[in-house]
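Below is one structure; the comments refer to it alone.
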Amino acid sequence: MTDQAVDIQLENVTKRYTGTRQAAVEDFSMSIAAGEIVVFVGPSGCGKTTTMKMINRLIEPSSGRITIGGADALSLDPDELRRGIGYAIQQAGLFPHLTVGQNIGMVPGLLGWPKPKTATRVEEMLELVGLDAGEYRDRFPRQLSGGQQQRVGVARALAADPPVLLMDEPFGAVDPITRGNLQDELLSLQSELHKTIVFVTHDFDEAVKLGDRIAVLGPQSSILQFDTPEAILAAPANDTVAGFVGAGASLKQLTLLRVRDIEMDEAETATIDERPEDVRARLTAKNRKYALVLDNRRRPKRWVHIRDLSDRPLGTVGRPVNDLVTKQSTLQDALEAILTEGGFVPVVGTRGEYLGAVGIDTVMDTIRKLREEHDHG
Amino acid sequence: MALWTYVTARWQSLLMDSYLHASAVVQATLLAAVLGVGLGVAVYRSPVGSAVATALTSAILTIPSFALLGLLIPVLGLGVPPTMVALVLYALLPIVRNTVVGLNGIDPAVVDAARGIGMNRLRVLTGVELRLAWPAILAGMRVSTQLLMGVAAIAAYVKGPGLGNLIFSGLSRVGSVNAVDLALVGTVGVIVIALLLDGVYVLVGRLTTSRGIRD
């Protein structure tokens, strides 16, 4: 296999264990594009892990066809096949009797890389997952925290630079904060590496965060819906999917959109040394109630109501701006800020300068539009 | 004082008997380790197989050593052959059982990961599973060695080598001069060798167990 990302095709893949009436995985077909993250999400026992493990043949399919980058996976030697596919699992599964460096160097070793090349690679991988090579290379797994073990697990999976990565709930056993960090790191790794990743989880929020596309799976690994996170959140295919998406689908949808994706509102602005009566005149003329007071470098400072405007200077009336968002903020953050600020939140640029504002109506409109798009599309 | 005189006078032959005793026990343990680990590896994936192997080796252990040695005489004659066979048979149970327990105690995630990154069955067994089960296997060998120290003494009954000869000849001459001394020297010798070998096990354990899994 090459360093280029490859696609994965599963055609009518079925797994039937002898002595059971129902197949564990029934007639599963899916096309996974090169370089995308596909997340299998579903309740425990739905067959998502079984399906994933058939890709690297840890579980042999009973029937069907699997191709990876056009090559028939079922005709290759399974051990050879697996050496070309990264594999990261829950609780990392590190070899406790080997050092971190030996763990990461395992696959290159199996592939017969020369020792110096492996050693260099181990250092690169440790740096890649944010662990200092000098400090961690010679430690044993039990001397690491859960999050560090997971990082080493990912480093081991990536060590031989496989084009495909299979991840089975790799962040399932760590605390929520560490999990969030690991997810962010995986996304930033992926933006550099462009692997084809199949990721299994039962956590829908994790799926929304990581997936380019999400496959919601039901019993026997039946595909209930296979689409982008936006589409699934906006229009769940059926009640089961809706149930799995869970409460707060609209809020989750807002995590997928950023302020830069929507059209901003304009707040009525005033500079801090303006005369109050001028501002009042402008507000009256435009039939508005609030003005946003900016300082001399155009940074939002205070909200003033039209009835606050008397002869006192603008810097002393109204109430201070407590919350700001940037164009990179998610709409969920924006909504949170809007609720804090009371209707509108200012959007600022990198130097804190005023760019616009987002109001509650804009957020509502955005959600409505998303729903309509996915209902008709 | 008579005891001390006896020991100094017979120093050479005492040392020889001790050496033979230890050598028989160590060799029997090593042979039993090869057989026992092999048997353990063969059965550990199957609960039925594990139960059968454990039951069989336990059954051997319930045969009184005196009887087993006696029963082996018609088949193997006297001397080293029946001694070694009996010792190996007695050593099997702790080793087989600890091998099975050690292999089954490995975190399935580790084995799954080993397979998943492309190690073949043999490599998973030798490079991961046996390495992780090693402390348990070694503990089994240690128990077997201690067990065999006593059994080997009985082997003098079939003219086997070792310190048992001192004990036996002492006990057969109770009442005569030096009889008690002989039995005592033989018994103490067994205890001393047992302690020495136990020390060797601690050392071997230290040297052969990865720091990553040592207690």
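Every chain is numbered from 1 and lettered A, B, ... according to where its sequence line falls, protein lines coming before strand lines.
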What one should report as the nearest heavy-atom pair of B:G116 and A:Y87 is CA-CD2, 3.4 Å
Side-chain heavy atoms of A:R82 within contact of B:I117, under 4.5 Å | no
Any side-chain heavy-atom pair of B:V110 and A:P96 under 4.5 Å | yes
In this structure, are over 12 heavy atoms from other groups packed under 6.0 Å from A:I177 atom CD1?
-> no
Does the side chain of B:R123 come within less than 4.5 Å of A:L110's, by heavy atoms?
-> yes
Is the CD atom of B:Q12 crowded by more than 12 outside heavy atoms at less than 6.0 Å?
-> no
Examine distances only and state if a side-chain atom of A:H97 and a backbone atom of B:G127 form a donor-acceptor pair shorter than 3.5 Å.
-> yes
Pick one of side chain, backbone, both or neither for A:L94, based on which atoms fall under 4.5 Å of a heavy atom in chain B.
-> backbone
Using non-hydrogen atoms and a 4.5 Å limit, figure out which bit of A:R156 sits close to chain B: side chain, backbone, both or neither.
-> side chain
Would you say A:F95 and B:M119 make side-chain contact, with heavy atoms under 4.5 Å?
-> yes
Indicate yes or no: does A:K53 engage B:D112 in a salt bridge with an N to O separation below 4.0 Å.
-> yes
For B:A113 and A:A92, work out which heavy atoms get closest and say how close.
-> CB-O, 4.5 Å
Is the shortest heavy-atom distance from the side chain of B:R115 to the side chain of A:D79 under 4.5 Å?
-> yes
Find the distance between CG (A:D138) and CZ (B:R211) and round it off to the nearest 0.5 Å.
-> 8.0 Å
Whether over 12 other heavy atoms sit under 6.0 Å from B:R97 CZ = no
